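Below: one structure, written as structure tokens.
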Amino acid sequence: MIRLEKRPTPSRIWALSTPIIAVVLTMIAGGAMFAALGQDPFETIRIIFWDPLFHERFASFSRPQLLVKAGPLILIAIGLSLGFRAGIWNIGAEGQYIVGAIAGAAFGLAFYPSESPLIFPGMVIAGLIGGTLWAMIPALLKVFANTNEILVSLLLVYVAEAMLASAATGWLRNPDGQGFPGSRNLARHAGTDNPELFAGTGMHWGVLAAFVAVIAAYVLFQRHVLGYQIKLAGQAPRAARFSGVNPGRLIILCLGVSGALAGAAGLFEVSGPAGQITIDFNSGYGFTAIIVAFLGRLNPIGILFAGLLMALTYIGGELAQLLLQVPAPAIQAFQGMLLFFLLALDVLSNYRLRWAKEGVA
Amino acid sequence: MTAPLLDIRGLTKAYPGVIANDDVSFALQRGEVHALLGENGAGKSTLVKMIYGLVKPDSGAMVLNSAPYTPAEPRAARQSGVAMVFQHFSLFEALSVAENIALGMENPPKPRDLSARIREVSHAYGLPLDPESLVGDLSAGERQRVEIIRCLLQDPQLLIMDEPTSVLTPQEVEILFHTLRKLSAEGTAILYISHKLEEIRALCDAATILRLGKVVGECTPADVSAAEMAEMMVGKSLAVPARDATEPGDTLLAVENLSLPAVNAFGTSLKEIKLNLRAGEVLGIGGVAGNGQDELLAVLSGERRTPPGTVQFQGRDVGTEGPNTRRAGGLLSAPEERLGHAAAPDMSLTENAVLTGQSRKGLAKGGFIGWSRARSFADDIIAQFDVRTPGNATAARALSGGNLQKFVIGREILQDPVVLVVNQPTWGVDASAAADIRQALLNLAQNGAGVIVISQDLDELLEISDRFCALNEGRLSEPRPARGLSMEEIGLMLGGAHGMAEAHLEELHPEANS
């Protein structure tokens, strides 16, 4: 009989090695699933994990996609990790992402057709503010009316989606667009565009912002009092109050920062890879980032790798669908396996397995 | 002499890294009140858990009623007539007494019959209890009665009691002893775990003393002095905390007309609290847990703000200030709950040193934490307060209760407080560590600080306080000089609202009712 025994101190070795073991286990279990579907397991795994980066024909297209997809995931997940560590659950990053994109795009389009170099920084600020304000709704309601931030932030996603639809079909619609829904293309207009900074890398301002956020969050958690307070509030709320942490201020701060970063991610997306506000502009980054945050153990460096890994399985999954006609649900099941193994093995950093003889309690 | 009820022969139980019980043998007679005496970590709990079927011994044997006794689980133990009252109650506050008791039974009778049985048993043993009242409304003493009656309904031959008096007022202790003596007269054996020596001398027929998992002695408690038993228990003679008499100085902390509603349904509201603490004195606040101790500490530490003018610290109004502002001025505190309140369980000792040491120890400058300064502060605490730990990177939850308590108290004392408020400073701490902590608090007062000690341990309060007051249902009594205060007087100060307990005492001793 196997029993779990709580470790007195969490194991660092296990915390670092479980992600690698989880990836290996996913390859084995996923390979078995692909074999059962009649595919060559080794080839499928190679297409998912290797070919997006190194395939001679497809890599030139798919390699930049890695940063394009990972950038917003990492940026949003870093913001979320602040709140998640403190036990403040912002589930509505998708909504803040949309509102940030709308606010930023509206700012840029208000000055159309100016090409002033001040417009893009203004759009970034507008995106940050838009996301922050959207996150302030659940934050203030929680602090002053004790509502549940999970529900409020989640439901506001649907409000934001309705706003997005009205912007794309109404007040932000391209006047020269022959009545088609969607705004002017921001990416193709100097002054409002978020260009690829180095050709062929996928690196744009948003990706750069994500890397800066990773470093800032790392310093925050390692050295700053605020990072300490966030950890303390998440692990032991009573001890945090005893230590002098003001819970209301922490809620406003954590939701505000995660909203701001999600809003900025939306702005970078709408002015770069997406290009314009459309009805279905949002593609679920705000929700996937929740997974990325947890995959990365809420640790900034972990989130960086988790975001890259997540992006890789998306791109590799699409490639496998294209090349091998693997059904899309099989790819989703494969991604699910990865999450399953990562989270299941996480228990090993806090617990150890003991093989106990039957009947000895 | 007849065969003993329970004969324990060479029980041994080892855990990784520690032998909790090493070849423990003793015999328990029918109707005997037998004390199991020892410090924290001496192996008392492991031993009774083996008797109650919660833990299996590695080797050794038990004989109950001349038959081999190997309980696989508590249910089997209960069927063999062994019952246990735990130190920490397992009761649901939102359910009634009868519902709580029914939950613990294999085949509960109909509610009406059960209530009748509870009334009958509680009356027979002098433990008045209304089966219909909500457990959340009961005092700690009454909750313990629920646990005891739950056991008595099974007609046990052996009743194990783990530190039963730690939550009781002296009057409630007397009622409990009366009940236990009655049970013992009817032939029920009682295994009584405690480290309160005077109690054991008053109640028990025999005592087995454990130290580091081994039986180090047996005695008849009435025939030996408490000091002799303590020496057997600890293995050395204990220093009694002492200090030179000092004249109290200026008023450091004054609380005036402070009333505060309870945070939730089972909290306690504070009612017109008034207290005054002067430099160089130790003010002891006694009372049974749940009478406003946590709330009082929260008000003094700054976790709960109060209206202006209610809390004055060195002549400054601090009622609206948060914990860190108060700490910066020198008003420090140490809450009762070590894990989760005074310390974060999963954080290292270094991180826990930062928990309160930020401002006074200069651990955070310009918003950034100086981890090397924090580590050396943690190392100072570990060294000066003899905290047994592999190092400052160990998680707080890995430390034993006593060691963590030394760390928590040491963390505040090393910050050189002007006023220190501690709640239950030696709860669950072994005797020698408790003596060290008390001495440290006395030294602090001698050097001119004001110390408030909130505790349930009346002996402790009498030993170290200059003045004593009682906290009862959120009301603080007038302080009285601690010297010369008798247990009887303290009991009356504490018992203010425990009308039930008092009424019952009068029943027991009608002559005392004048």
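Quick caveat: nothing in here was measured; it's all calculated off a predicted structure. A, B, ... follow the sequence lines: proteins, then strands. Residue 1 opens every chain.
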Inset, instruction - Considering non-hydrogen atoms only, spot the tightest contact between B:Q358 and A:S243 and give its length. - result: NE2-OG, 4.3 Å
Inset, instruction - Step through the shown structure and confirm whether more than 12 heavy atoms of other residues, nucleotides or ligands are within 6.0 Å of CZ on B:R75. - result: no
Legend entry - A:Y228 side chain to B:L355 backbone, donor-acceptor under 3.5 Å: yes
Inset, instruction - Can you tell which part of B:S333 gets under 4.5 Å to a heavy atom of chain A, answering side chain, backbone, both or neither? - result: both
Inset, instruction - Count the heavy atoms belonging to other residues, nucleotides or ligands that lie under 6.0 Å from OH of A:Y218, then report whether that count exceeds 12. - result: no
Legend entry - Neighbour count >12 (heavy atoms, 6.0 Å) for atom CH2, A:W205: no
Inset, instruction - Work out which heavy atom in B:M347 is nearest to a heavy atom in A:Q235; give both atom names and the distance. - result: CG-OE1, 3.2 Å
Inset, instruction - State, to 0.1 Å, how close B:W371 and A:Q222 come at their nearest heavy-atom pair, and which atoms those are. - result: NE1-O, 2.6 Å
Legend entry - Pairwise distance CD1(B:I369) to CG(A:L226) - rounded to 0.5 angstrom: 9.5 Å
Legend entry - B:A343, part contacting chain A, at a heavy-atom distance under 4.5 Å: backbone
Inset, instruction - Name the option with the most non-hydrogen atom pairs under 4.5 Å to chain A; the candidates are B:A396, B:G322, B:S348, B:G340. - result: B:G340
Legend entry - Atom CZ of A:F287 with >12 non-hydrogen neighbours under 6.0 angstrom: yes
Legend entry - Face-on cation placement of B:R326 at A:F242 ring, 6.0 Å and 45° thresholds: no
Legend entry - Minimal non-hydrogen separation, B:A344 against A:A239, with atom names: N-CB, 4.5 Å
Legend entry - Minimum-distance pair of heavy atoms, taken over all atoms of A:R241 and B:P323: O-CG, 3.5 Å
Legend entry - Exceeds 12 heavy-atom contacts within 6.0 angstrom, atom NZ of A:K142: yes
Legend entry - Top contributor to chain A contacts, counting heavy-atom pairs under 4.5 Å, from B:L339, B:V354, B:T356: B:V354
